[in-house]
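Values below: every heavy atom of this structure, side chains too, minus hydrogens, waters and symmetry copies. Here the structure is a predicted model, which means the values were calculated and not measured.
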Amino acid sequence: MDSEKDPVADEAVVKTAPRPRDRTRPLLLGAAALATAAFLAAAIFGIQWWVAAAGDDAELAQARDEVLVAGTAAVKAFTEFDYTNLDQYFQKQQELSTGAIQEQARNSEGKFREAIGQAQTVVVTTVQDIAVEELNEHEGKATCLVALSTDVTKGAEKGVKSLRVEIEMTRVGDEWKLSSIGNVPVVGAGQQ
């Protein structure tokens, strides 16, 4: 009788010893799903970045950056000077401007040279912020708003003045040049 198996005893053994659950399988599937989602998101955003970097937006961004650099230099050329080196001041104005403002600077050089020299004035300009308001790269025109401060030394007197100006830039060949500059009124809090 030893060779015969008791079916009831075998069934009892099966019921009392539950099979261990494999808990790593759901975690592995979840990790694989997250990795796949991350890969797809990276691929989609990578393609979008590549398209933006290679398209018209990249050219427009580059033109905007060029306008900002040229605009900053032009504003400093027209607002920063040292009475001991006026040749450099007037030369920069001619190099960084075009059109009517260039002609106006050339025509008024004698009058300003005399006034600045007699007053012994030194002005150091700090461009606080500059932003492109409008840019038409195809026509080569741009408008910027500039916030700046000037440290003015006139003899023994010193002072600081804050200004806001609007400038217009025109592309001449491969360079952006100042074609207009004008004051923008500074409005205090609560004023309109």
Would E95 and K92 count as a salt bridge (charged side-chain N to carboxylate O under 4.0 Å, His left out) if you check the C-alpha gap in whole Å, the side-chain angles of each, and the deciding distance to 0.1 Å?
-> CA-CA 5 Å; E95 290 172 2; K92 278 186 178 180; over 6 Å; no

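Note on W176: it clusters hydrophobically with V75, by side-chain heavy-atom contacts below 4.5 Å among ILVMFWY residues. The same ILVMFWY cluster, assembled from side-chain heavy atoms under 4.5 Å apart, contains both I181 and L68. Linking Ile, Leu, Val, Met, Phe, Trp and Tyr residues whenever their side-chain heavy atoms come within less than 4.5 Å leaves I101 and F81 in two separate clusters.
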Mind listing the side-chain donor-acceptor pairs of residues 119-129 below 3.5 Å, one per line with the distance, residues two or more places apart or on another chain?
| from | atom 1 | to | atom 2 | distance (Å) |
| --- | --- | --- | --- | --- |
| T125 | OG1 | T79 | O | 3.3 |
| T125 | OG1 | T79 | OG1 | 2.9 |
| Q128 | NE2 | S149 | OG | 2.9 |

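E66 meets the salt bridge (charged side-chain N to carboxylate O under 4.0 Å, His left out) test with no other residue; sequence neighbours excluded. Residues passing the salt bridge (charged side-chain N to carboxylate O under 4.0 Å, His left out) test with E133, sequence neighbours excluded: none. When the side-chain contact (heavy atoms from CB on, under 4.5 Å) test is applied to E139, the partners found at least two apart in sequence or on another chain are N136, K141. Listed by chain and number, the residues in a salt bridge (charged side-chain N to carboxylate O under 4.0 Å, His left out) with E109 are R113 (sequence neighbours excluded). Qualifying side-chain hydrogen bond (donor to acceptor under 3.5 Å, both in side chains) partners for Q88, counting only residues two or more places apart in sequence or in other chains: N85.
Within a 6.0 Å radius of CD in E166, other residues, nucleotides and ligands contribute more than 12 heavy atoms. No more than 12 heavy atoms of other residues, nucleotides or ligands shown are found within 6.0 angstrom of CZ on F112.
In this structure, R164 CZ and L148 CG are separated by 11.0 Å, a value rounded to the nearest 0.5 Å. Atom-to-atom distance recorded for T170:OG1 and Q102:CD is 11.0 Å, nearest 0.5 angstrom. Between the CD atom of E114 and the CG atom of L86 there is a distance of 11.5 Å, given to the nearest 0.5 Å. Between the OH atom in Y89 and the CZ atom in F78 there is a gap of 7.5 Å [rounded to 0.5 Å]. Atoms CD and CZ, on Q62 and R64 in that order, are 11.0 Å from each other to the nearest 0.5 Å.
Between the side chain of S179 and the backbone N or O of G99, no donor-acceptor pair lies under 3.5 Å. Of the possible donor and acceptor atoms, none in the side chain of R106 sits under 3.5 Å from a partner among the backbone N and O of Q94.
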